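Working notes, structure below.
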Amino acid sequence: MEIEAIQKLIEEDEKTRGRIASENEKKLSLKKSIEEENRKLSDQSWSDAKKKAADTKKQLDEQIQNSEKMNTVYYEKASADLKKKYDTNKEKWRKELLNRIISTDGE
């Protein structure tokens, strides 16, 4: 009778060890799944952030190019207007300057 009880105890112990090993394997598998999911989420977050940064950079580059074009057009127009004003008035300004120099010389 004792032998049967010991054998039954050994069998129950082996079954329990098997269930514990199985649960430990499930626990390890679950831990690996969680780590993999965390890695995927992290990679996805970085990918999204990099894409957003690239999109923002592209948009800002376009704005800079547009501003540069507008500034160039403004500069060329202002420069042409100034040159035209100079060409139109240069003789008048020269005479005016000469007259001022001559009239202040004697004072």
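This structure is a prediction, so every number in the text was calculated from the model and none was measured.
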Is there a donor-acceptor pair closer than 3.5 Å between any side-chain N or O of Ser42 and the backbone N or O of Asn38? no
Quick one: pull up CG in Leu30 and CD in Glu35 and give me the separation to the nearest 0.5 Å. 10.0 Å
Under a 4.0 Å threshold between the charged nitrogen and the carboxylate oxygen, would Lys40 count as salt-bridged to Glu37? no
List in chain and number order the residues that pass side-chain hydrogen bond (donor to acceptor under 3.5 Å, both in side chains) with Asn24, two or more places apart in sequence or in another chain; answer none if no residue qualifies. none
Leu60 CG to Thr56 OG1 distance, which is reported to the nearest 0.5 Å: 6.5 Å
Inter- and intrachain pairs under side-chain hydrogen bond (donor to acceptor under 3.5 Å, both in side chains), touching residues 62-72, at least two apart: none
Any pair with a residue in residues 9-21 that passes side-chain hydrogen bond (donor to acceptor under 3.5 Å, both in side chains), sequence neighbours left out, goes on the list, sorted by first then second residue, please. Asp13-Arg17, Thr16-Arg19
Is atom CZ of Arg94 surrounded by more than 12 heavy atoms (other residues, nucleotides or ligands) closer than 6.0 Å? no
Walk me through it: do Asp87 and Lys83 pass the test salt bridge (Lys or Arg N to Asp or Glu O under 4.0 Å)? CA-CA 6 Å; Asp87 290 343; Lys83 183 170 177 11; 3.2 Å; yes
NZ-CG distance between Lys84 and Asn89, expressed to the nearest 0.5 angstrom: 11.0 Å
Side-chain ion pair, Lys57 and Asp61, N-O less than 4.0 Å: yes
Measure the shortest side-chain to side-chain distance between Lys27 and Glu23 over non-hydrogen atoms and say whether it is less than 4.5 angstrom. no
Flag, side chain of Ser47 to backbone of Asp43, donor-acceptor distance under 3.5 Å: no
Working to the nearest 0.5 Å, report the span between CH2 of Trp46 and CG of Leu41. 14.5 Å
Could you tell me whether Glu36 and Lys32 have a side-chain N and a carboxylate O separated by less than 4.0 Å? no
Is it true that Lys52 and Asp48 have a side-chain N and a carboxylate O under 4.0 angstrom from each other? no
